[in-house]
K.L.:
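Please find one structure pasted underneath; my questions will follow.
Residue numbers begin at 1 in each chain, while the letters A, B, ... track the order of the sequences. Given the structure is predicted, the values throughout are model-derived calculations rather than measurements.
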Amino acid sequence: MLRDIGVAAFEDLVDAVPADARLKRPLRTPGPLSEVELRRQVGRWSESNAAARAVSFMGAGLYDHYIPSAVNAIAGRSEFATAYTPYQPEVAQGTLTVIFEFQSMIAELTGCDVANASMYDGSTAVAEAALLARSQTGRARIVVAGALHPNYLDVLRTYLDGKGLTVVTDKGGQCAPEDLQAALGPDVAAVVYQHPNFYGLLESPRTLHRLAHGAGALAIAVCDPVSLALLDPPGAAADGDPGADVVVGEAQALGNPPSFGGPLLGFFACKLGLVRRMPGRIVGRTVDTQGREGYVLTLQTREQHIRREKATSNICTNQGLLATRATIYLSLMGREGMREVAEQCVRRTHRCLELAEAIPGYRRAHDGAFFREFALECPVDAAVVCAAGRAAGVLPGVDLGQFRPAWKRWLLVTATEQRSAEDIDRWAQVLRTAGGAR
Amino acid sequence: MLRDIGVAAFEDLVDAVPADARLKRPLRTPGPLSEVELRRQVGRWSESNAAARAVSFMGAGLYDHYIPSAVNAIAGRSEFATAYTPYQPEVAQGTLTVIFEFQSMIAELTGCDVANASMYDGSTAVAEAALLARSQTGRARIVVAGALHPNYLDVLRTYLDGKGLTVVTDKGGQCAPEDLQAALGPDVAAVVYQHPNFYGLLESPRTLHRLAHGAGALAIAVCDPVSLALLDPPGAAADGDPGADVVVGEAQALGNPPSFGGPLLGFFACKLGLVRRMPGRIVGRTVDTQGREGYVLTLQTREQHIRREKATSNICTNQGLLATRATIYLSLMGREGMREVAEQCVRRTHRCLELAEAIPGYRRAHDGAFFREFALECPVDAAVVCAAGRAAGVLPGVDLGQFRPAWKRWLLVTATEQRSAEDIDRWAQVLRTAGGAR
Amino acid sequence: MTLNRKLLIQRGGEGHRGPSLPPCDVPVKPLAELLPGVPLRASLALPQVTEPEVVRHFIALSTLNHHIDKGLYPLGSCTMKHNPKINDELASLPGLALSHPFAGDEANQGSLRVLRELQKALAEITGFAAVTTQPVAGAHGEMTGLMLIRAWHRSRGEGEKRTRVIVPDSAHGTNPASVHLMGWETVTVPSGPDAGVDIEKLRAVLDERTAAIMFTVPNTLGLFERNIREITAMAHAVGAQCYMDGANLNALVGIVRPGDLGFDVMHINVHKTFSTPHGGGGPGGGPVAVAAHLEPFLPAPVVEEQDGRLRLVHDRPQSVGRVHAFNGNFGILVRALAYISTLGPEGLATMSRNAILNANWLKARLAKSYELPYPRHCMHEFVLSGRGLKKHGVRTLDVAKRLLDFGVHAPTVYFPLIVEEALMIEPTETETLDRLEHFAEAMEQIVREAAETPDLLHGAPHTAPVTRLDEGRAARELQLTWRTPAPAPGRTAAPAGKA
Amino acid sequence: MTLNRKLLIQRGGEGHRGPSLPPCDVPVKPLAELLPGVPLRASLALPQVTEPEVVRHFIALSTLNHHIDKGLYPLGSCTMKHNPKINDELASLPGLALSHPFAGDEANQGSLRVLRELQKALAEITGFAAVTTQPVAGAHGEMTGLMLIRAWHRSRGEGEKRTRVIVPDSAHGTNPASVHLMGWETVTVPSGPDAGVDIEKLRAVLDERTAAIMFTVPNTLGLFERNIREITAMAHAVGAQCYMDGANLNALVGIVRPGDLGFDVMHINVHKTFSTPHGGGGPGGGPVAVAAHLEPFLPAPVVEEQDGRLRLVHDRPQSVGRVHAFNGNFGILVRALAYISTLGPEGLATMSRNAILNANWLKARLAKSYELPYPRHCMHEFVLSGRGLKKHGVRTLDVAKRLLDFGVHAPTVYFPLIVEEALMIEPTETETLDRLEHFAEAMEQIVREAAETPDLLHGAPHTAPVTRLDEGRAARELQLTWRTPAPAPGRTAAPAGKA
Ligand SMILES: Cc1ncc(COP(=O)(O)O)c(C=O)c1O
Ligand SMILES: Cc1ncc(COP(=O)(O)O)c(C=O)c1O
């Protein structure tokens, strides 16, 4: 090949690279490892995680849901996994059609008019929603109403450079409308609330929307898509409330494993009127020169590759394959399946609470209706319960002490449809052991 | 649908089924189980096998070789996995081309002219070869020369209805030519020998061929395809010997897991002159009406669906997907990779022997060169060594006592390229522990 | 003009390598020292290709196939139903995939449990006393079943005299071929006008030389033999055994059990009724179920349970012996058990009911445009005749090839032999009404095309990767490996597109 | 005429169901009791379809895609190389796939080990002191890197005044977009005639308002900036930081390390250089590597090792904060580490060398038929101009669309903006000479076609599942979900075939 190129040595090709800056030694990186060795090594790492064996009652934004085998079989196909962004739509109708279906299903779940092709995760979707609200309203302040996931709040703070952020602390777990009212003003771009919130408690979306809209701010809902299979969708109009302007959230739960927190699937849905400010890719339906239906990336003039510094966001690569998985998942589960998933999560988690409340020393940290997650106040540090769980092959919940010292007796508990009654009994046994009350 | 069909009730459709013979109660079968429950149950069964954790030094016809990840990724595609036998070649060129490549690679490995699309397993391939020899020669007696896998011998006996079978017992592990000579006669249809044989020992194929052919019998070699990457292929002519007439064997080792002994991949290769008596499917190359190359099932007049009772065999469904896996495997490994696999198996197994011989009480059961497997005589029952191994997460070899009481101190040992030096050291430690000589 | 489709041996070359192996971390002694005096081969002509190119090669090939995940596959007698993905996942669990039959029962309780549970379920479904899971395909099961019958006759001192098996003329080719493998003789009985066997002709050939009758139920016309219990009784009356070819079990589950129809033994194609994927030709599974009197003869070893522990019992003095080197197609049996467990008792019955419903719906619809030789309610499949199209110079083969242009696979054609220009159609229960309608429309359109544009059918398929292939040439030239020279090169098409 | 391609919502219906859930084995209380007073939704318009139909739907869709396992994918700046299958396998090991970040360090040693080893390897490859693996894409990394720079300036009391970032005109759109996200201003500097940045113009805009320069190395023309060290020195001289967009790192590994070129911070696209599959748009991974002075500002938490135990350290007072809810795209990072480990030190260097070789070979070949605006040796990619074809009325878009007919993907087109009718070609190192030759022949044939049959190009692609799509209509009509009415139906083609 060198001859064809017309050089004598490879070095001639890279002569623009300053000779004295070049690396003159081999890299000190691991390997080379054959597949046999890699499987052994990574297999060992995998086994050293408790998740290799334990049953999990952990949520807090990442859930261990049932993933139908067909999701893996289909999404693993090279055609989906190894394709690039659909820049040549004529040879990317597979990906484009799937995104169109994804957008449609997210719009349906959230009650919004439109949805995009995905965001990095739930937290950055929240942050981008806040930025959208700022540019839409020309106002600066973002008000977080009640218990938003602490990590989401962190990311929002990072994106907002710590400025213009007001947090209306929850009262007994939920946002008190009067507290929110007090925090509002003419400089508020948006009210952000999570529903069900970080503690799993249900908020009053319509009230929050009315307050936000009353102040001329946008209402941004952060939702768990599993809950949306049952709950009144916040993006839809009802009782004179036009609905949230933006609904975002994390859709990992739809056919994707927790995977130590990534890759995830942020979703972003909104009113049609906001679509030109929406971040990320959007697919639209059109026709080809022969009049056949087809799909393309559309509204690209919002995007960085066209608009550069005037783009609505800098996002380029997104979380496409997870959106594909979510689309397959939702298709397999269907309306009835999704409802059942949600109902089972509700019922199994409530069963956990029922058992826990019968054990001396344990009680709910909050009142109020919760969906599929609740904070349990333990008679000992939650870390003690977690340690007891690990010994018994159970991850009994999220130790909230890792977020705030004041929460160190709180355990955030969820049970998906994968947790059997027997699992839940084992879970309760862990609580008994840890609480000292056998 | 019933209306379209023109009946009032489903029962009308099955009115030919005698009413009093019908099943009037629900079946007593397990389930229904959701995927979640199935994974739990079958997962539990899987975990209860020692193989879930132990490193294996077991062979005897089933080997734990490295399977490249790409083999699973490709062969798992619906296009290969869920297609039927390629009866409509125009929409089965994928399967047909793969079989053609499989036949080509098996022919190359064995040194034969042609190979078929697969047999049930190595043992039934041997039996079918014996039947071919009978019909080709018009003679009845099949002579087994030396150490054929005992289970293969069983299957051969079953297929031959126990008749016309002479076993020339090995001498010190190998077939003694004079013993074979003594067993031959004008009624002998074929000489069947395994090479490397059941004990892993190498036979002298050319000598055996000469004896067989001298008696007017066919020579049938039973081979491990991994060994054929290095060994002189018995089907090829050399030194005036035209080679074995038929080479059969088990190709599970080529990209397929042991899977408790099935599904397996019998292969069947032979001289071109025998092709019209060959059992099973064969693919041939041809052209379509536009002159483009293509592949079809050919010589179907040998097969049961055309010839019925005059067919060369009753085989219909074969082991196609395993042949696909083997073809992908051989393609990925290539000439160099296959040689290296074989060499590593030789070296690692010889390393086992080296370590074992240094432990008091252990010694080889036979002399003579062996390929990738050897019988080790233990100071205690092999079952004791196996039990010690299980406790230590090692399956140290095959306890030959399960075949014959006289062999109860013999452990048949193999180490594939997957067994590291460290694994082999652990193996030796098991031997020490079991032998009482720490 | 995509890259010319080449065989892998024509790609790559020196220096191209796939995935690597671990380094040899044991002492690397020269082979000549480890294999003293052993003749080694001089060359090995396998491809040398990189992983990306291997992957592309096989993925490109894969796309040339029709498969069940692409569309309807109404191959009569093959029961091409959906293969749930979970079953493949379970069969590849490491503890199962890596389990080794010689590791001992203690080490293999999980694998033995699978065999045991499946055997129990199959015995229940078929109404028999015991099941062997050693046979790996239908034909293998047939052979095994006939061996059991032979062993039973021998045990009664009738081994020598009973050497004939009576098989209806509608039987699958494996039946007579399996009979032949026993060294026995096939006696063919013709079907009567209602597609049932001609009872009088049957009676005429049944005698003390009869080892067995071998019936497919429902038969290969998809019809249930009304007189089946009289027939099995007649056979028993002369001391013969009754073998049922269970390839069509998909019609019967939860409705009627072969053991209750007078049969003594049957095989089951798990790659049909129990949805294990067909893999482009296999592997399948052909368990054999038997009445109690045949149990002692089952291939050894058998699985037995005692106090919850399972073991393989080899000591079976009356056994016909092994028919497989190990335990049958275990990985396939895992899938079958998973399928049975997923459906559960009611689901299994619904499966057969829906298979029957789908077939009858399609039959009723297509009877309007094709000839239906046996106008009765069918079970899970039915047979049409394409004879009526001959007047247009169109044959069943043309219909089959034309169907490929509609994205569906052709039915089984020219079988059973007793129907002229047969089209044997089995839609299975996993197809929706949408799919059946689409298939029916295609079949109807083809009837119109036969009259109006018969050459369109003669030239079909038009949209497949290749047009009709020259099978005669393949059989004449016998190019069976890539070492044989390729046929004269075809036209290299320029990329499509109107200039 | 295959079954009309429908959206899933148009299929199935009542009674159609996918896989089932376990029965609810806890007390089934009415929802109204568990969710008292909570407003529930009235309807949920999701499809109801069976598993077989869902599988077919998505498999049929999948076949409409080009993908790296199908053929060449020479998208410049995207590094579409082969994705080894083993990497996917490893990422789905249950212990990794199910690990939960809130389970605590004790429970997650394996996952933390992956992060730690990858961070070490990336630091070594890039020549930087530390790496964060939190950012999940290149653009996310850019934002994170700029935040680190901002934090550093602030720590030195210069936060207020440094609000400008200098970006060459050849830069990718994410660069200015990321700058904008910081509330900063982009200053664009033009490229000189040798495609390097115009040093004098650069000098003119560098001042104490400059927060950073942001360079892609090699640049998006595939050319290595000869003066890069002078440039970084110039920037440092005015107190600015130097950000390297590492999207093109595939050209540099083992050859030169960005940390040794004067850069302070860079991001790495693991979905390019380290071969994690692109998934039809993502997920990727955008780790950021920094020199020691920026380390205190990295997003919290960071992984630390002590006595072989790993932990996530949150107490990082100077941290810019979190940029991701958890630990970045962990599953992708597993793949990247597996890739790095497979290649090993020498393999990594060979990777970049071969990427450069392949690109130069193709460049030398195509320079004979296309205009090469910058006739220099390139690194891993190069840019041609299709300007010469305009005289035939053919544009680069036509070339791109026509290439699809040859079974290869089009290069990146109309980028970088500084080349008229740009074709940006990156073959990657995993392509064989065969594949490059085929691509070159296709490109050459297209030049001939442009002269002889330009309409063939205007109408291209001819063999793709659809012809060119009306993007204007899509943007006008905004049919963004299946609730919007479908466009006027297209022609329903009769099955192909000449009557
Ligand atoms: C009626 C009938 N019997 C027997 C068989 C043979 O089964 P197998 O192919 O599994 O050997 C078939 C297979 O097509 C069949 O349809
Ligand atoms: C030069 C360059 N910079 C940045 C990016 C953005 O990376 P990502 O798509 O991962 O956000 C790209 C991606 O195409 C690129 O080519």
K.L.:
Name the option with the most non-hydrogen atom pairs under 4.5 Å to chain D; the candidates are A:Gly31, A:Ala16, A:Gly76.
P.N.:
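Between A:Gly31, A:Ala16, A:Gly76, the count favours A:Ala16.
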K.L.:
Tell me, side chain or backbone of A:Ala107 under 4.5 Å from chain D's heavy atoms, or both, or neither?
P.N.:
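Both backbone and side chain.
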K.L.:
D:Gly284, D:Pro94, D:Pro465: which one forms the most heavy-atom pairs within less than 4.5 Å of chain A?
P.N.:
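Among D:Gly284, D:Pro94, D:Pro465, the one with the most close pairs to chain A is D:Pro465.
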K.L.:
Picking from D:Pro22, D:Gly280, D:Ala107, D:Ala121, which has the most non-hydrogen pairs under 4.5 angstrom with chain A?
P.N.:
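Looking at each option in turn, the highest pair count goes to D:Gly280.
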K.L.:
Below 4.5 Å, heavy atoms only, C-beta onward: do D:Ser341 and A:Leu38 meet side chain to side chain?
P.N.:
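When only atoms from C-beta onward are counted, A:Leu38 and D:Ser341 do touch, with a gap below 4.5 Å.
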K.L.:
Could you tell me which portion of A:Glu303 (side chain, backbone, both or neither) has an atom closer than 4.5 angstrom to a non-hydrogen atom of chain D?
P.N.:
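For A:Glu303, no heavy atom lies under 4.5 Å from chain D.
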K.L.:
Does some side-chain heavy atom of D:Leu21 sit less than 4.5 Å from a side-chain heavy atom of A:Met333?
P.N.:
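In short, these two side chains touch, coming nearer than 4.5 Å.
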K.L.:
What part of A:Leu332 gets closer than 4.5 Å to chain D, counting heavy atoms only: side chain, backbone, both or neither?
P.N.:
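For A:Leu332, the contact with chain D is made by backbone and side chain together.
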K.L.:
Please determine whether salt bridge (Lys or Arg N to Asp or Glu O under 4.0 Å) holds for the pair D:Arg483 and A:Asp113, giving the CA-CA distance in whole Å, both sets of side-chain angles, and the decisive distance to 0.1 Å.
P.N.:
CA-CA 9 Å; D:Arg483 277 183 286 186; A:Asp113 300 322; 5.8 Å; no
K.L.:
Are any of the side-chain nitrogens in A:Glu90 or D:Arg468 under 4.0 Å away from the carboxylate oxygens of its partner?
P.N.:
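Between D:Arg468 and A:Glu90 there is no salt bridge, as every charged N stays at least 4.0 Å from the carboxylate O atoms.
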K.L.:
Could you tell me whether the side chain of A:Ile74 reaches within less than 4.5 Å of the side chain of D:Ser62, counting heavy atoms only?
P.N.:
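Side chain of D:Ser62 against side chain of A:Ile74, heavy atoms only: no contact under 4.5 Å found.
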K.L.:
Is there side-chain contact between D:Glu471 and A:Pro89, with at least one heavy-atom pair below 4.5 Å?
P.N.:
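D:Glu471 reaches A:Pro89 side chain to side chain.
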K.L.:
Look at the side chain of D:Gln48 and the backbone N and O of A:Arg335, then say whether any donor-acceptor pair between them is shorter than 3.5 Å.
P.N.:
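Side chain of D:Gln48 to backbone of A:Arg335, a donor-acceptor pair under 3.5 Å: yes, one is there.
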K.L.:
Could you have a look at D:Pro36, D:Gly183, D:Gly104, D:Ala338 and say which one has the most heavy-atom pairs with chain A under 4.5 angstrom?
P.N.:
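Of D:Pro36, D:Gly183, D:Gly104, D:Ala338, D:Ala338 has the most heavy-atom pairs under 4.5 Å with chain A.
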K.L.:
Do you know which of A:Ala369, A:Pro30, A:Ala52, A:Ala50 has the most heavy-atom pairs under 4.5 Å to chain D?
P.N.:
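With the most close heavy-atom pairs to chain D, the winner is A:Pro30.
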K.L.:
Can you spot which of D:Val114, D:Leu90, D:Leu96 makes a side chain to side chain contact (heavy atoms under 4.5 Å, CB included) with A:Ser46?
P.N.:
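By the side chain to side chain contact (heavy atoms under 4.5 Å, CB included) criterion, A:Ser46 pairs with just one of D:Val114, D:Leu90, D:Leu96: D:Leu96.
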K.L.:
Any salt bridge between A:Arg22 and D:Asp260, counting N to O under 4.0 Å?
P.N.:
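The answer is no: the pair does not qualify as a salt bridge.
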K.L.:
Keeping the roles fixed (side chain from D:Asn108, backbone from A:Phe260), state whether a donor-acceptor pair exists under 3.5 Å.
P.N.:
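Side chain of D:Asn108 to backbone of A:Phe260, a donor-acceptor pair under 3.5 Å: no, none is there.
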K.L.:
Apply side-chain contact (heavy atoms from CB on, under 4.5 Å) to D:His140 and A:Ile315, showing your working.
P.N.:
CA-CA 7 Å; D:His140 204 208; A:Ile315 191 170; over 6 Å; no
K.L.:
Side chains of A:Asn314 and D:His180: closer than 4.5 Å at any heavy-atom pair?
P.N.:
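No, side chains not in contact.
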K.L.:
Testing the 3.5 Å rule here: is there a donor-acceptor pair between the side chains of D:Asp470 and A:Thr286?
P.N.:
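Their side chains do not contain a donor-acceptor pair, so the 3.5 Å distance test is not met.
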K.L.:
Quick check against the 3.5 Å criterion: does A:Gln103 have a side-chain atom that pairs as donor or acceptor with the backbone of D:Leu480?
P.N.:
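Between the backbone of D:Leu480 and the side chain of A:Gln103 there is a qualifying donor-acceptor contact (under 3.5 Å).
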K.L.:
If you tally heavy-atom pairs under 4.5 Å against chain A, which of D:Ile125, D:Val179, D:Ile228 wins?
P.N.:
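Highest number of heavy-atom pairs under 4.5 Å: D:Ile125.
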K.L.:
For the pair A:Asp4 (side chain) and D:Trp361 (backbone), establish whether a donor and an acceptor sit closer than 3.5 Å, ignoring hydrogens and angles.
P.N.:
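Judged by distance alone, no pair lies under 3.5 Å.
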K.L.:
Given the rule in the side-chain contact (heavy atoms from CB on, under 4.5 Å) test, do D:His409 and A:Val91 qualify, once you have shown the distances and angles that lead to the verdict?
P.N.:
CA-CA 8 Å; D:His409 199 271; A:Val91 291; 4.0 Å; yes
K.L.:
Output the option from D:Ala464, D:Ala91, D:Ala474, D:Ala400 having the highest count of non-hydrogen pairs under 4.5 Å with chain A.
P.N.:
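Going by pairs under 4.5 Å, I would pick D:Ala474.
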K.L.:
Can A:Leu264 and D:His324 be said to form a side-chain contact (heavy atoms from CB on, under 4.5 Å), step by step?
P.N.:
CA-CA 10 Å; A:Leu264 300 181; D:His324 185 262; 4.0 Å; yes
K.L.:
For the backbone of D:Arg41 and the side chain of A:Asp232, can you confirm whether one donor and one acceptor N or O come within less than 3.5 Å of each other?
P.N.:
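Not a single qualifying donor-acceptor pair exists.
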K.L.:
Does any non-hydrogen side-chain atom of A:Glu343 lie less than 4.5 Å from one of D:Leu34?
P.N.:
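The answer is no, as the side chains (C-beta and beyond) never meet within the 4.5 Å cut-off.
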K.L.:
Do side-chain atoms of A:Glu108 reach the backbone of D:Ala45 as a donor and acceptor pair under 3.5 angstrom?
P.N.:
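Indeed, once roles are kept as given, a pair shorter than 3.5 Å links the two residues.
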K.L.:
For the pair A:Glu309 (side chain) and D:Pro176 (backbone), establish whether a donor and an acceptor sit closer than 3.5 Å, ignoring hydrogens and angles.
P.N.:
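Not at all, since once roles are kept as given, no pair shorter than 3.5 Å links the two residues.
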K.L.:
Between D:Arg322 and A:Thr158, is there a side-chain donor-acceptor contact under 3.5 Å, judged purely by atom types and distance?
P.N.:
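Not at all, the side chains of A:Thr158 and D:Arg322 share no donor-acceptor pair under 3.5 Å.
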K.L.:
Among D:Cys24, D:Gly321, D:Gly18, single out the residue with the greatest number of heavy-atom pairs under 4.5 Å to chain A.
P.N.:
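Counting heavy-atom pairs under 4.5 Å, the top option is D:Cys24.
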K.L.:
Would you say A:Asn49 and D:Ser111 are linked by a side-chain donor-acceptor pair, where the criterion is simply a distance under 3.5 Å?
P.N.:
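Indeed, the side chains of D:Ser111 and A:Asn49 share at least one donor-acceptor pair under 3.5 Å.
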K.L.:
With side chains defined as the heavy atoms from C-beta onward, is the minimum distance between A:Phe80 and D:Asn65 less than 4.5 Å?
P.N.:
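SC-SC contact between A:Phe80 and D:Asn65 confirmed.
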K.L.:
Check each atom of A:Ile424 against the heavy atoms of chain D and say whether the ones under 4.5 Å are side chain, backbone, both or neither.
P.N.:
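It is the side chain, since no backbone atom gets that close.
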K.L.:
Check whether D:Gln479 reaches the backbone of A:Gly284 with its side chain - one donor and one acceptor, N or O, closer than 3.5 Å.
P.N.:
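Absent.
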K.L.:
Tell me, side chain or backbone of A:Ile282 under 4.5 Å from chain D's heavy atoms, or both, or neither?
P.N.:
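For A:Ile282, side-chain heavy atoms alone lie under 4.5 Å from chain D.
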K.L.:
Just by distance, with hydrogens left out, do A:Glu101 and D:His57 show a side-chain donor and acceptor under 3.5 Å apart?
P.N.:
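Yes - a donor-acceptor pair under 3.5 Å links their side chains.
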K.L.:
Going by the angle between their ring planes, with limits at 30° and 60°, are D:Tyr73 and A:Tyr84 parallel, tilted or perpendicular?
P.N.:
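Answer is perpendicular, since the angle exceeds 60°.
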K.L.:
Under 4.5 Å from any heavy atom of chain D, what part of A:Val7 do you find: side chain, backbone, both or neither?
P.N.:
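For A:Val7, side-chain heavy atoms alone lie under 4.5 Å from chain D.
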K.L.:
Under 4.5 Å heavy-atom distance to chain D, tell me which part of A:Ala117 shows up: side chain, backbone, both or neither.
P.N.:
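Contact with chain D: none, neither part.
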K.L.:
Using non-hydrogen atoms and a 4.5 Å limit, figure out which bit of D:Leu357 sits close to chain A: side chain, backbone, both or neither.
P.N.:
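Backbone plus side chain of D:Leu357, per the 4.5 Å heavy-atom cut-off to chain A.
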K.L.:
Donor-acceptor check, side chain of A:Arg347 to backbone of D:Lys29, threshold 3.5 angstrom: yes or no?
P.N.:
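Checking the backbone N and O of D:Lys29 against the side chain of A:Arg347, a donor-acceptor pair under 3.5 Å is found.
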K.L.:
Do you see a donor-acceptor pair shorter than 3.5 Å between the side chains of D:Thr467 and A:Thr289?
P.N.:
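Per modelled atom types, D:Thr467 and A:Thr289 side chains form a pair under 3.5 Å.
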K.L.:
Name the region of A:Arg28, side chain, backbone, both or neither, that has any atom closer than 4.5 Å to a heavy atom of chain D.
P.N.:
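Its backbone and side chain both get close to chain D.
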K.L.:
In terms of heavy-atom proximity below 4.5 Å to chain D, should A:Ser313 be classed as side chain, backbone, both, or neither?
P.N.:
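The backbone, not the side chain.
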K.L.:
Please report the shortest heavy-atom distance between A:Ala51 and D:Gly95, naming the atom on each side.
P.N.:
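That closest heavy-atom pairing would be CB-O, 3.9 Å.
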K.L.:
For the residue pair A:Arg292 and D:Val466, what are the closest heavy atoms and their distance?
P.N.:
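That would be NH2-CA, 3.7 Å.
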K.L.:
Are any of the side-chain nitrogens in A:Arg39 or D:Glu89 under 4.0 Å away from the carboxylate oxygens of its partner?
P.N.:
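Counted as a salt bridge, because a side-chain N and a carboxylate O are separated by less than 4.0 Å.
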K.L.:
Between A:Leu131 and chain D, which part of the residue has a heavy atom less than 4.5 Å away: side chain, backbone, both or neither?
P.N.:
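A:Leu131 touches chain D through side-chain heavy atoms alone.
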K.L.:
Hey, are the side chains of D:Thr484 and A:Arg285 touching, using non-hydrogen atoms and a 4.5 Å cut-off?
P.N.:
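Touching, per the 4.5 Å side-chain cut-off.
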K.L.:
For D:His66 and A:Glu79: C-alpha separation, side-chain torsions, deciding distance, then whether side-chain contact (heavy atoms from CB on, under 4.5 Å) applies.
P.N.:
CA-CA 7 Å; D:His66 187 79; A:Glu79 286 86 339; over 6 Å; no
K.L.:
Which atoms of D:Ala349 are under 4.5 Å from chain A, going by heavy atoms: the side chain, the backbone, both sets, or neither?
P.N.:
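Nothing of D:Ala349, per the 4.5 Å heavy-atom cut-off to chain A.
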K.L.:
So which heavy atom on A:Asp64 is nearest to which on D:Leu98, and how close?
P.N.:
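Distance-wise, the nearest heavy atoms are OD1-CD2, 3.7 Å.
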K.L.:
Give, as side chain, backbone, both or neither, the part of D:Arg376 having an atom under 4.5 angstrom from any heavy atom of chain A.
P.N.:
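Only the side chain of D:Arg376 comes within 4.5 Å of chain A.
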K.L.:
Is there a donor-acceptor pair under 3.5 Å between the side chain of A:Ser123 and the backbone N or O of D:Ala325?
P.N.:
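Checking the backbone N and O of D:Ala325 against the side chain of A:Ser123, a donor-acceptor pair under 3.5 Å is found.
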